[in-house]
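Working notes for the structure below.
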Amino acid sequence: MSKPYIRLDKNDAAVLLVDHQTGLLSLVRDIDPDRFKNNVLALADLAKYFQLPTILTTSFEDGPNGPLVPELKETFPDAPYIARPGQINAWDNEDFVKAVKATGKKQLIVAGVVTEVCVAFPTLSALAEDFDVFVVTDASGTFNELTRDSAWDRMSAAGAQLMTWFGVACELHRDWRNDIEGLGQLFSNHIPDYRNLMNSYSKLTSN
């Protein structure tokens, strides 16, 4: 039975960036590494653009998972940063759950590495507590297409909505009349072909 359309609302959404760690990134093989990192940073940029509460978390940083990707810490220097000592499911960490609930938001936009563990486990846990969860598929990565598709099926069956960072940005924005240049610049920074649209728009509007 399909659920009704739940639209992302920039006033009711928070972003959870789970385990984008230097060691774990080397495991991502279901998407080109450069494109993947670009997508993660695009999601970070849109979270900042829409001023969404953002929570960063890592798992076992001192082990092979490695530290958080430095660009994320630079983008969100004041965001809650939960370095989990060992819990695999971020939702098993009390500080993480407290930080999520402290945002007061009902909609959670989630991305991480790897998809079937670091994304799927907290997604399923949050759904069980009646949050609406939106998984950013192209800012999450794993070993191969088989494990990715299994994770997507499991999360989708539980009620998660699977989206891309571009879809998230557009649904949050709702109407181009809200702003053209700012979001257009964000798109241009992460989608080379979109730069062509903005360049052409700039020429038209400067005449």
Side-chain angles (χ1 to χ4, degrees), residues 8 10 13-59 65-76 79-82 90-91 96 100 103 105 107-124 126-127 131-145 147-156 160-173 183 186-194:
L8 273 169
K10 65 185 179 183
V15 175
L16 313 182
L17 299 177
V18 185
D19 302 353
H20 289 100
Q21 295 166 250
T22 54
L24 292 175
L25 253 61
S26 66
L27 300 176
V28 175
R29 290 289 179 268
D30 63 321
I31 184 170
D32 174 80
D34 291 336
R35 184 181 304 166
F36 176 63
K37 191 164 186 183
N38 172 70
N39 294 344
V40 173
L41 297 181
L43 176 59
D45 284 349
L46 76 85
K48 193 170 182 181
Y49 172 82
F50 289 107
Q51 300 181 319
L52 305 180
T54 300
I55 296 169
L56 309 173
T57 186
T58 57
S59 174
N65 294 350
L68 184 75
V69 172
E71 292 94 332
L72 294 180
K73 188 62 181 156
E74 290 163 14
T75 303
F76 304 105
Y81 180 87
I82 290 90
W91 210 264
F96 179 76
V100 172
T103 67
K105 310 301 182 184
Q107 300 183 337
L108 304 179
I109 300 166
V110 184
V113 183
V114 293
T115 308
E116 70 272 28
V117 176
C118 308
V119 179
F121 294 173
T123 290
L124 295 168
L127 287 166
F131 286 91
D132 294 320
V133 183
F134 302 77
V135 174
V136 188
T137 55
D138 55 353
S140 303
T142 188
F143 306 107
N144 53 52
E145 290 81 1
T147 53
R148 178 195 67 199
D149 292 352
S150 299
W152 287 355
D153 286 349
R154 187 182 188 195
M155 291 186 284
S156 183
Q161 297 194 50
L162 307 184
M163 299 184 70
T164 63
W165 74 261
F166 186 76
V168 167
C170 291
E171 191 158 274
L172 288 167
H173 198 52
L183 191 63
L186 190 157
F187 288 164
S188 298
N189 291 343
H190 294 284
I191 307 172
D193 290 340
Y194 209 92

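All heavy atoms count here, side chains included; hydrogens, waters and symmetry mates do not.
- Counting heavy atoms from C-beta outward, Val110 and Phe134 have side chains that stay 4.5 Å or more apart.
- Ring geometry for Tyr49 versus His173: interplanar angle of 30 to 60°, hence tilted.
- Expressed to the nearest 0.5 Å, how far OG1 of Thr123 lies from CD of Gln161 amounts to 12.0 Å.
- Across every non-hydrogen atom of Leu52 and Lys10, the tightest pair is CD2-O, 3.4 Å.
- Of the inter-residue distances, the one linking Leu16 atom CG with Lys105 atom NZ reads 13.0 Å to the nearest 0.5 angstrom.
- Across Thr103 and Ala14, no two heavy atoms sit closer than the pair OG1-CB, 4.0 Å.
- Considering only heavy atoms from C-beta on, Tyr194 stays 4.5 Å or farther from Asn189 through its side chain.
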Before you tell me yes or no, could you show the steps for Thr115 and Thr147 under side-chain contact (heavy atoms from CB on, under 4.5 Å), namely the whole-Å CA-CA distance, both residues' side-chain angles and the distance that decides it to 0.1 Å? CA-CA 8 Å; Thr115 308; Thr147 53; over 6 Å; no
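- For the pair Arg148 and Trp152, the cation-pi test (distance below 6.0 Å, angle within 45°) is passed.
- With 3.5 Å as the limit, one finds no donor-acceptor pair spanning the side chains of Ser156 and Asp153.
- Checking each of Leu8, Asp138, Val136, Val135 against Met163 for a side chain to side chain contact (heavy atoms under 4.5 Å, CB included) leaves exactly one that passes, namely Leu8.
- In terms of modelled atom types and a separation under 3.5 Å, the side chain of Asp19 and the main chain of Gln21 share no donor-acceptor contact.
- To the nearest 0.5 Å, the span separating CG on Leu17 from CD1 on Ile109 amounts to 10.0 Å.
- Here the closest non-hydrogen pair linking Ala169 and Leu46 is CB-CD2, 4.0 Å.
- Of the possible donor and acceptor atoms, one in the side chain of Ser140 sits under 3.5 Å from a partner among the backbone N and O of Gly112.
- Using a 4.5 Å heavy-atom cutoff, the side chains of Asp132 and Leu108 are not in contact.
- Taking 4.5 Å as the limit, every side-chain heavy atom of Trp91 sits out of range of all side-chain heavy atoms of Phe121.
- In this structure, Phe36 and Asp30 have side chains that are not in contact, with every pair of non-hydrogen atoms separated by 4.5 Å or more.
- No side-chain heavy atom of Cys118 sits less than 4.5 Å from a side-chain heavy atom of Val113.
- Looking at heavy atoms from C-beta onward, Val69 lies out of side-chain contact with Val40 at the 4.5 angstrom threshold.
- With hydrogens and angles disregarded, a donor-acceptor distance shorter than 3.5 Å links the side chain of Asn65 to the backbone of Ser59.
- Rounding to the nearest 0.5 Å gives a distance of 7.5 Å between CE of Met155 and CG of Leu124.
- Across Ala139 and Ala111, no two heavy atoms sit closer than the pair O-CB, 3.5 Å.
- Note that CG of Leu68 and CZ of Phe76 are 10.5 Å apart. Values are rounded to the nearest 0.5 Å.
- For the pair Lys73 and Tyr81, the cation-pi criterion (under 6.0 Å, within 45° of the ring axis) is fulfilled.
- Among the candidates Leu72, Thr57, Leu56, Leu41, the single residue satisfying the side chain to side chain contact (heavy atoms under 4.5 Å, CB included) test with His20 is Leu72.
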side-chain contact (heavy atoms from CB on, under 4.5 Å) between Thr137 and Thr164, intermediate numbers included: CA-CA 6 Å; Thr137 55; Thr164 63; 4.0 Å; yes
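- The aromatic rings of Phe166 and Phe187 lie tilted to each other, with the angle between the two planes from 30° to 60°.
- Side-chain polar atoms of Glu116 and Thr142 form a donor-acceptor pair below 3.5 angstrom.
- In this structure the side chain of Arg29 never reaches within 4.5 angstrom of the side chain of Phe143, judged on heavy atoms.
- Shortest non-hydrogen contact noted between Val15 and Ala47 is CG2-CB, 3.8 Å.
- Note that CG of Asp45 is 9.0 Å distant from CG of Leu43, once rounded to the nearest 0.5 Å.
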